[in-house]
Protein chains: 2
Amino acid sequence: MNLKELATRLGLSTTTVSRALNGYPEVNEETRERVMAAAKRHNYRPNARAIRLATGRAMAIGHVITVSSKHEIVNPVFADFIAGAGETYSRRGYDMLLSVVNDADEPRAYRELKSRGTVDGIIVHAPRANDPRIHLLHEIGLPFVVHGRATGAADPYSWLDVNNRRSFRRAAEFLIDLGHRRIALVNGLEFMDFAIRRRAGYEEAMAARGLPLDPALMFSDEMTETYGYSAACRALDQADPPTAFLVSSLIIAIGVRRALEERGLKLGRDVSLITHDDELSYLRNGEDIPIFTATRSSVREAGRQAAEMLIDRIQTPGLPPQQRMLEAELMVGLSTGPAPTRG
Amino acid sequence: MNLKELATRLGLSTTTVSRALNGYPEVNEETRERVMAAAKRHNYRPNARAIRLATGRAMAIGHVITVSSKHEIVNPVFADFIAGAGETYSRRGYDMLLSVVNDADEPRAYRELKSRGTVDGIIVHAPRANDPRIHLLHEIGLPFVVHGRATGAADPYSWLDVNNRRSFRRAAEFLIDLGHRRIALVNGLEFMDFAIRRRAGYEEAMAARGLPLDPALMFSDEMTETYGYSAACRALDQADPPTAFLVSSLIIAIGVRRALEERGLKLGRDVSLITHDDELSYLRNGEDIPIFTATRSSVREAGRQAAEMLIDRIQTPGLPPQQRMLEAELMVGLSTGPAPTRG
DNA sequence: TGGGCTACCCAAAGCGGTTTGGAAATGATT
DNA sequence: AATCATTTCCAAACCGCTTTGGGTAGCCCA
């Protein structure tokens, strides 16, 4: 059943039927009801392809996920972010388009998305320092919102981010307050913006309390369990091992825990640990009381809000860049305690 | 730059230009080259919306992911499957459409996808026993491929699945061969098809060796770390605890490990464990030698192949249902060893 | 009575491609 | 030289909607 059929069946023009269904004022209320009823009865659904062509809008948002041949890892945060964004899209009538591209092809992918008109806007994932995508997207004129920020980007842009610097500073201070002096940082890849900011927060806290930074206690890599494990091993097997860890993801934390347990060290007593927790649905940090003390911020909620921001930008062009900063909560769990006194 | 502009610029009709670009034979090779060159020079990209309307094809595949209000977990396997499927889609010129819907709205979502013509086909995720979606999709006439199977579905359908029954049978037999007699099964939700089959494999192995099934050693729930932990606690704190665990995901395995370590039990010596490993990119089972002995099957590869199957079905309608069974490898790691002799 | 509004509806022109059904030119065949 | 098939191109219809630019009828008011 298409518009034309419906119209002839009703003895009306397609114009009127279209207007009736889309709530335009220039149609009699009575007629509108007749049309609505008929549409429901024949369960008419306007053809999305035709609407898109006629209106010139794609009614779709693109998410480009890159798979590098080198570190071929899918951002573990991705699924939950998508789930959040998807909720917003359904509610506001947009489709979500996923594009999996090799990282070398990313610029081309954006240009095609624009020139072929498959999407109205884009969410930028996993920004890095001086991320070239921001300039690129400005240049090709595709509305976008960045999940995170990109230190050093020249042009202003819209973003939604967690206050990574502040939350890691607070977490580090919390550990210092507990008496810890040697605190290891097990961070993500430090060309990623979030990792840069977390490190800055950690360094700030150390500096504020007059504690030295020890390169031997600072790690940076792809955030996997095995990385957490091996970083912790290297840290713990030093002459002067850390009494606390500040780590960037639950998965890393799990790896650290493995290293600790291997050495007979008890978490929260012998060694303290604070992790960032994105509240991934398949990796809950305990049920009621958190297993790990954590800086917590829901990535799903971030998805919801970023999508909302983007659609707003698409629907009212010319909106000035908009930013939203989310604060992470510091949830005290079972993995932190006073620094052990040297025996 | 659109077709018409390009055509006038070349002094040709849009027909000829379109044909030249799409490789139709009825155009002079020389002309074709002129057209190709001009297209490249002005970097012309045909408008996707127009193509879709004109051809009646959506050139897009739908993935419906459901978020239940109850167990609001995003399938952890999802991201990697998507990454695999996405590779195939890019290669074959399809877009990937993600639809996040509340599980109650799933049937409606499928019908809309069909009637609005936004996709040409669908991948069905996380099938259950007697999954109603299979009949539904047949009824509305949307091509689909199921990732997994659905025990008890009446109509024939296309699927791609891991041989869960066989791999869990082999894993259980492996443990039995090592002398284990009390083997706990920590499974996923047992209305999910994969979990049903894994349980069947486990039960077959036990029966084949004349070992009794103990309901107190069989667990079923959403596959989270905390579930693994609490199931293991319950199992281990029994009068006659198991000496081995067979579990359905790495995340569960990690939870079990936590319970073991809490009790001072060493994995691979005091207690053995085999897990299924989907080779999720953010959760590698160790670098060179596996941390956990595991039945291993790449969900990313499954994504690639399922997408391939679906596109084939879309492009040649009337193809008989096609099935593909992947065999999981049994990778021996550090988490298994001979059953401890009772002391 | 006629002019001006308003309310309601319609025909037709897009949107940007693909595809059908020729037409003209060329070459081969008789 | 006439006929016929081939090659190469084109005009126009079409996909299914939205939207522009009227048109008509009814009402109000002078």
Chemist: Angle class for the B/His63/B/Phe78 ring planes (parallel below 30°, perpendicular above 60°, tilted otherwise)?
Modeler: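 The arrangement is perpendicular - the two ring planes meet at more than 60°.
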
Chemist: Of the nucleotides C/dC15, C/dT18, C/dC8, which has the atom closest to the B/Leu3 side chain?
Modeler: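 Output: C/dT18.
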
Chemist: Taking for each residue the nucleotide of DNA chain D bearing the nearest heavy atom, is the 5' side occupied by B/Ala50 or by B/Arg34?
Modeler: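 Result: B/Arg34.
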
Chemist: Given atom OH of A/Tyr44 and atom C1' of D/dT18, what is their separation to the nearest angstrom?
Modeler: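 Taking atom C1' of D/dT18 as the reference, OH of A/Tyr44 is at 10 Å.
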
Chemist: Which angle, to the nearest 10 degrees, lies between the helix axes at the two ends of the helix from C/dT1-D/dA30 to C/dT30-D/dA1, each defined by five pairs?
Modeler: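 For the helix from C/dT1-D/dA30 to C/dT30-D/dA1, the axes at opposite ends meet at about 60°.
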
Chemist: When you get a sec, tell me which of C/dC10, D/dG16, D/dT18 is the closest nucleotide to the side chain of A/Asn2?
Modeler: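 Nearest to the side chain of A/Asn2 among the choices is D/dG16.
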
Chemist: Specify the separation, in whole Å, of atom CZ of B/Arg52 and atom P of C/dT18.
Modeler: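 Between P of C/dT18 and CZ of B/Arg52: 13 Å.
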
Chemist: Are B/Arg91 and B/Glu308 within salt-bridge range, i.e. N to O under 4.0 Å?
Modeler: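 Looking at B/Glu308 together with B/Arg91, the answer is yes, because their closest N to O distance falls below 4.0 Å.
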
Chemist: Rounded to whole angstrom units, what separation is found between the CG atom of A/Leu53 and the P atom of D/dC17?
Modeler: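 Atom CG in A/Leu53 sits about 12 Å away from atom P in D/dC17.
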
Chemist: Which residues pass the side chain to side chain contact (heavy atoms under 4.5 Å, CB included) test with A/Asp161, not counting sequence neighbours?
Modeler: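 If we apply the side chain to side chain contact (heavy atoms under 4.5 Å, CB included) test to A/Asp161, skipping adjacent residues, the hits are A/Arg149, A/Trp159, A/Asn164, A/Asp193, A/Arg197.
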
Chemist: Can you check the A/Glu5 CD to D/dC15 P distance for me, whole Å?
Modeler: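 Nearest whole value for this atom pair: 11 Å.
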
Chemist: In whole angstroms, how far is the C1' atom of C/dG16 from the CD1 atom of A/Ile51?
Modeler: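 Whole-Å distance recorded here is 17 Å.
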
Chemist: Within the pair A/Ser13 and C/dC10, is there a side-chain N or O less than 4.0 Å away from OP1 or OP2?
Modeler: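 Yes, A/Ser13 has a side-chain N/O under 4.0 Å of OP1/OP2 on C/dC10.
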
Chemist: Would you tell me if any nitrogen or oxygen in the side chain of B/Asn47 comes within less than 4.0 Å of OP1 or OP2 on C/dC15?
Modeler: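 No, outside the criterion.
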
Chemist: Would you call B/Asp105 and B/Arg111 a salt bridge, using N to O less than 4.0 angstrom?
Modeler: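 Between B/Arg111 and B/Asp105 there is no salt bridge, as every charged N stays at least 4.0 Å from the carboxylate O atoms.
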
Chemist: Tell me the interatomic distance from B/Asn28, atom CG, to D/dC10, atom P, rounded to whole angstroms.
Modeler: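 After rounding, the gap between these two atoms is 12 Å.
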
Chemist: Could you please name the option among C/dC10, C/dT18, D/dT18 that lies closest to any side-chain atom of A/Arg19?
Modeler: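 Looking only at heavy atoms from C-beta outward on A/Arg19, the closest nucleotide is C/dC10.
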
Chemist: Output yes when A/Glu112 and B/Arg45 qualify as a salt bridge under the 4.0 Å nitrogen-oxygen rule, no when they do not.
Modeler: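 Between B/Arg45 and A/Glu112 there is a salt bridge, with a charged N closer than 4.0 Å to a carboxylate O.
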
Chemist: Rounding to a whole Å, what distance do you find between B/Glu26:CD and C/dA24:C1'?
Modeler: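 Going from CD in B/Glu26 over to C1' in C/dA24 covers 16 Å.
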
Chemist: Any carboxylate oxygen within less than 4.0 angstrom of a Lys/Arg side-chain nitrogen, looking at A/Arg92 and A/Asp312?
Modeler: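 Counted as a salt bridge, because a side-chain N and a carboxylate O are separated by less than 4.0 Å.
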
Chemist: Between B/Thr55 and B/Thr14, which is nearer to the 5' end of DNA chain D once each is assigned its nearest nucleotide?
Modeler: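 Comparing both residues, the 5'-ward one is B/Thr14.
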
Chemist: Are B/Tyr24 and C/dT19 close enough that a side-chain N or O sits under 4.0 Å from OP1 or OP2?
Modeler: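 Checking B/Tyr24 against C/dT19: at least one side-chain N or O falls below 4.0 Å of OP1 or OP2.
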
Chemist: Please give, in whole Å, the distance from C/dC15 P to B/Lys4 NZ?
Modeler: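 After rounding, the reported distance stands at 6 Å.
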
Chemist: Under 4.0 angstrom, heavy atoms only, what part of the nucleic acid is A/Gly117 near: base, sugar-phosphate, or nothing?
Modeler: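 Nothing: the residue A/Gly117, judged by heavy atoms under 4.0 Å, touches no strand.
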
Chemist: Can you find a donor-acceptor N/O pair under 3.5 angstrom joining the side chain of B/Thr15 to the base of C/dT19?
Modeler: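 Per atom types, the contact qualifies.
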
Chemist: Looking at the side chain of A/Ala54, which of D/dC17, C/dT19, D/dT8 is the nearest nucleotide?
Modeler: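 Out of D/dC17, C/dT19, D/dT8, the nucleotide with an atom closest to A/Ala54's side chain is D/dC17.
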
Chemist: Please determine if A/Asp120 and A/Lys114 form a salt bridge, counting it only when a charged side-chain N lies under 4.0 Å from a carboxylate O.
Modeler: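 So A/Asp120 does not pair with A/Lys114 through a salt bridge.
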
Chemist: Decide, yes or no, whether a salt bridge links A/Arg133 with A/Glu106 under the criterion of side-chain N to carboxylate O below 4.0 Å.
Modeler: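 Salt bridge between A/Arg133 and A/Glu106, a charged N being under 4.0 Å from a carboxylate O: yes.
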
